[in-house]
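Notes follow once the structure below has been shown.
Reckoned from all heavy atoms, side chains included, excluding hydrogens, waters and symmetry mates. Remember, it's a predicted structure, so these values are computed and weren't measured experimentally.
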Amino acid sequence: MRLDRWLGNRPELGRQLARRLLAEGRVRVNGATTQQAEQEVFTFDRIEADERLLQDGPGGRYLMLHKPRGCVSATVDARHATVLDCLAADQRADLHLAGRLDFNTTGLLLLTNDGQWSRGLSHPRHKQTKRYRVTTAEVIPPQLVTAFAEGLYFAYEDLTTQPAQLELLDEHSAYLTLVEGRYHQVKRMFGRFGIEVIALHRDRIGALPLDPALAEGAYRSLTAAEVAVLRPAD
Ligand code: URA
C-alpha cells in the first residue's frame, strides 16, 4: 500500500494529520525521512511519525541457504531431513520457503517469515529468473539452445514452457535460466531429448547470486539490499 494511504488509515492519525506529517517531513521509514506519498509500505518496515512508532520494523527474517543434496524442501517431513534441519534450532520458528528445490538438487534456497515478500518473489508476473548449472549423463546437443528458447509443450499440464536460455559450458554441462518453476522442470526439459540430468545446482535467483562463501548446508541472513533487490518494483 502507498505510504500516504497507509498513514491516512491509521486511526491515531486520520487523513489530515497524515497528509501534514508527510508534507512536513516528519515521517521516517526504516530510519530515513521521507515525503514520498507513493512510496510502498512493506510488512516489516519500521514507520515513525515524529517520535511516535506506528509500525515496528524488526522482525522480518530473510535467509539464504546453500541447500545440500538429500533433504526435502519442506518444513516438515515424516521420512527425510528437511532444509530446516540445516538451521540452528533457534532460527527455525515461523520460517517458510520461498521456492523449492528437488531432494538431490543443491544451491540457493530462500527462507523467510515475510509472506508478502515471498509471494512477490514467486509471482509469475514478476518473472524472477532462476539459473541452474546442469550436468548431464549424455552429450548436450547444441540444437537444445533453440528448442529451449522456443519452449517445450508439456501435455500433462497442457502448456508450453516460457522461453529459457541455455548456455553450453562443455559437452555435459550448461547453465539453464528459467523464468518459471514447473514441477521437475529442468529434468523434464532435458528428459524430452533423452538426456539424464545427473547433477543440478541453482546458483542465482534474479539479481541475487548464491554467496560462494557458503558451503553446502550453510546459511546466512540476507542484507537489506539483497532483500530489496528481490522485491517487485510494483
Ligand atoms: N528443476 C528440476 O528438475 N529440479 C529442481 O530442483 C529445480 C528445477
With a 4.5 Å heavy-atom cut-off, do L21 and L7 have their side chains touching? no

So, using ring-ring contact (aromatic ring centres under 6.0 Å, His included) as the criterion, who are the partners of Y183 when residues are at least two apart? none

Donor-acceptor under 3.5 Å (D85 side chain, T82 main chain): yes

E38 atom CD, over 12 foreign heavy atoms within 6.0 Å: yes

With sequence neighbours excluded, what pairs up with D114 under the salt bridge (charged side-chain N to carboxylate O under 4.0 Å, His left out) test? none

Taking R61's backbone N and O only, do any of them form a donor-acceptor pair with T112's side chain (distance below 3.5 Å, no angle check)? yes

Strictly by salt bridge (charged side-chain N to carboxylate O under 4.0 Å, His left out), give each pair with a member in residues 162-191 just once, sequence neighbours left out. D102-K187, E157-R188, E180-R182

Establish, yes or no, whether the cationic atom of R69 lies under 6.0 Å from the six-membered ring centre of F103 and within 45° of the ring axis. no

Heavy-atom nearest pair, G217 first then L65, reads O-CD1, 3.8 Å

Checking H123 now: which residues fulfil ring-ring contact (aromatic ring centres under 6.0 Å, His included) with it, not counting sequence neighbours? H126

By ring-ring contact (aromatic ring centres under 6.0 Å, His included), which residues pair with Y62, not counting sequence neighbours? W117

Those residues that, when tested against H96, pass ring-ring contact (aromatic ring centres under 6.0 Å, His included) (two or more places apart): none

Anything under 3.5 Å between a donor and an acceptor, one on a side chain of residues 144-151, the other on a protein residue two or more places apart or in another chain? List them.
none

Under the rule for side-chain hydrogen bond (donor to acceptor under 3.5 Å, both in side chains), what residues qualify as partners of S73, not counting sequence neighbours? none

Salt bridge (charged side-chain N to carboxylate O under 4.0 Å, His left out) filter on R10, not counting sequence neighbours, yields E12

Quick one: pull up CG in L230 and OG in S118 and give me the separation to the nearest 0.5 Å. 11.5 Å

Is the shortest heavy-atom distance from the side chain of D158 to the side chain of Y153 under 4.5 Å? yes

Under the rule for salt bridge (charged side-chain N to carboxylate O under 4.0 Å, His left out), what residues qualify as partners of R131, not counting sequence neighbours? D203

Rounded at 0.5 Å granularity, tell me how far CG in L214 sits from CE in M64. 6.5 Å

Backbone N or O of L110 within a donor-acceptor pair of the Y219 side chain at under 3.5 Å? no

Salt bridge (charged side-chain N to carboxylate O under 4.0 Å, His left out) partners of R52, counting only residues at least two apart: none

Taking all heavy atoms of L95 and all of N113, pick out the closest pair and write down the distance. CD2-N, 3.8 Å

Give me the atom names and distance for the closest heavy-atom approach of V72 to H80. CG2-CB, 3.4 Å

Pair R220 + E226: basic N to acidic O under 4.0 Å: yes

Taking all heavy atoms of A74 and all of R100, pick out the closest pair and write down the distance. CA-NH1, 4.1 Å

Donor-acceptor check, side chain of Q128 to backbone of L121, threshold 3.5 angstrom: yes or no? no

Check side-chain hydrogen bond (donor to acceptor under 3.5 Å, both in side chains) between D4 and all other residues, then give those that pass, not counting sequence neighbours. R2

